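Working notes, beginning with the structure itself.
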Amino acid sequence: MSTTSIYFLIVCLFMGGLFIFGLICSKKIKDSDDWVVAGHSLGVIPLSGTYFATIISATSIVSYMGYYYLQGWAGMWNFAGTLVTSFVACLWVAKKLRSFGMTTVPEYIEMRFGRTHSLIASIIVLIGATTLMAAQVMASVVILQAMVSWSTVTCCIVVLVIFVAFTALGGMKAVAWTDTICAYVIIIGIWAMAIKYLGIVGGFGGMMTGIKAINPEFVSAFTSKITPVTALGWTVTWGICNFGAPQFVGRFLTATTPESAAKSQGITAVMLGIFYLPLVIVGLSGMLVLPGIEKQDMVFTSLVTQTLDPVLGGIMFAAVIAAIISTADSLLLLASTTFTRDIWKKFVNPNMSDKTELLMARVSTVVIGILGVLLMFTMNTAIQFVQARAVTLMGSAIAMLVLIGAFNKKVTSGGAMASMISGFITACIWYALGQPFGVYAALPGTIVAAIVLLVVSKFTKPMSKEQLAPFFPEAVEK
Amino acid sequence: MVATPSLVCMWIFYIFLSVFPIVYMGIKRNSKEVENK
């Protein structure tokens, strides 16, 4: 049996297993709440698993491994923001958001600020989630084509059938549990590779000495390319911006209790540490095991195909497919939920029965899944623009409404509207200017959104006690 | 030692970010249980 056949067999077994698992979960779905938020039944383990697997995409494995290979330890700053998000969510945000009892982020925005805000947020989320999902499907096609000589269309159909079917049938429960399985496959795969490489290079000490000999900057926290300012920018930017991405924040809302929402973020922070440490080790020791790779995106494939035995290589490919599917299914679920619950049910057919809502959610999952991939085939500049910047644009528009709006009762409806628009436009302008001074668009986007939110709220009509009561019961009573 | 002081500080920072939330929650829960008793 050839090496690529073994890779393919392992990936097929893994994907088939996910498909069957999704079908089993679908039998427990009784109503739309079961489908959208798993009936608020998700405990700490599936909750941390799904959050982790959603935030870890193919980029997190393939590109980051290459980045560490080329930049040394300093490259590790690129995930500090992700850890900061979990840190802040665990200690403050997750518990607070879950205590409001909403099921989606646009629903929170509607209850807190108004229907128009919710509609704008829903449209931004729908477009962002659909294009991001399509990008994940295309990434999986690239991985599959490294193993089999299928056409792009065939690979798309295979991947779509598997993850669209289990998302449509099983909803959040299937997504959360398949994501959890994916999370452990990812972590086991990376650790197996890291342990093997450490054995080759003579342990951690051997790795450190070896990479220092290649470039002394590789054993420092900062380099000429990655300065303290760059590191701080990454940490703050993504630490804040992730709060505007409902595929992450929405997970808090599915927890059984506010406490389990917070606890799951604490466990996620540990899982992120357990994942990134071996990833960095693989990237760094990879410099010694297989030196001379110049392209960042080639590092993963070169290391896996040239230095690992076929079974471990197959597990690594399965780990990347797991990262892709677990991100794509969450985005698809988010897009279909946003369309059905936050747009159609609220603005078109408020009297829709629960049974119709569930059916519509499932049908829209299939339609959005197909539509997203069709968009990729008719790729134009506008779609590419949104796709590459979706998290930043969503973050610039929504993050401050979550981070400040949930804690500050003085934030008004007018302030929130001005904040969403100004944050979104600032990020677009910053991109149009080519991201001057090397500053990511998310940073000016979120700073402007925060300032506008607070300033405009000061000069606009305060929210009524009735509007504030669900969010600040103690303050309203006083 | 091969690692520079800045790298050691970075490791400590990452360990803090990864571990502190769950440790803090554990301590908080324990102190609540003690209060309830």
Side-chain angles (χ1 to χ4, degrees), chain A residues 44 48 72-77 79-95 204-213 216-223 226-228 231 235 239 259-277 280 284, chain B:
Chain A
V44 170
S48 47
W73 277 105
M76 204 175 164
W77 284 112
F79 77 88
T82 308
L83 269 177
V84 167
T85 305
S86 285
F87 185 91
V88 174
C90 174
L91 297 182
W92 298 286
V93 182
K95 189 176 174 183
F204 192 79
M207 180 191 83
M208 293 295 284
T209 314
I211 61 170
K212 191 183 180 184
E217 278 198 331
F218 285 167
V219 291
S220 176
F222 305 105
T223 64
I226 303 167
T227 62
T235 310
E259 286 70 27
S260 63
K263 199 174 171 186
S264 71
Q265 284 303 301
I267 293 175
T268 304
V270 176
M271 287 175 79
L272 287 169
I274 291 173
F275 164 73
Y276 278 108
L277 176 65
V280 176
L284 299 178
Chain B
M1 195 165 133
V2 180
T4 59
S6 67
L7 182 59
V8 175
C9 291
M10 185 171 89
W11 289 343
I12 294 167
F13 176 64
Y14 275 92
I15 291 167
F16 171 74
L17 284 180
S18 302
V19 180
F20 178 77
I22 201 77
V23 171
Y24 174 78
M25 289 204 75
I27 294 168
K28 208 172 150 189
R29 200 180 65 180
N30 282 347
S31 59
K32 264 188 186 173
E33 279 173 8
V34 170
E35 271 178 26
N36 290 339
K37 278 177 187 174

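Proteins get letters first, then strands, A, B, ... in listed order; numbering begins at 1 in each. All values below come from the heavy atoms of this structure, side chains included, with hydrogens, waters and symmetry mates left out. Values in this document were obtained by computation on a predicted structure and should not be read as measured data.
Note on B:Val19, B:Val2, B:Leu7: by heavy-atom pairs under 4.5 Å with chain A, the leading option is B:Leu7.
Within the 4.5 angstrom heavy-atom criterion, atoms from both the backbone and the side chain of B:Phe16 approach chain A. In this structure, chain B has no heavy atom under 4.5 Å from any part of A:Met271. No part of A:Leu272 comes within reach of chain B, as not one of its non-hydrogen atoms sits under 4.5 angstrom from that chain. With a 4.5 angstrom heavy-atom cutoff, A:Ala80 touches chain B via backbone and side-chain atoms both. Proximity to chain B involves both the backbone and the side chain of A:Ala262, based on heavy atoms less than 4.5 angstrom apart.
Considering CG of A:Leu83 and CZ of B:Phe13, their distance stands at 8.0 Å, rounded to 0.5 Å.
Scored by the side-chain contact (heavy atoms from CB on, under 4.5 Å) test, A:Ile274 finds A:Ile187, A:Trp191, A:Val270 as partners (sequence neighbours excluded).
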Across chain B and chain A, what donor-acceptor pairs are shorter than 3.5 angstrom?
from    : atom 1 : to       : atom 2 : distance (Å)
B:Thr4  : N      : A:Val219 : O      : 3.3
B:Thr4  : OG1    : A:Val219 : O      : 3.0
B:Ser6  : OG     : A:Ser220 : OG     : 3.4
B:Ser6  : OG     : A:Ala221 : N      : 3.1
B:Tyr14 : OH     : A:Met76  : O      : 2.6

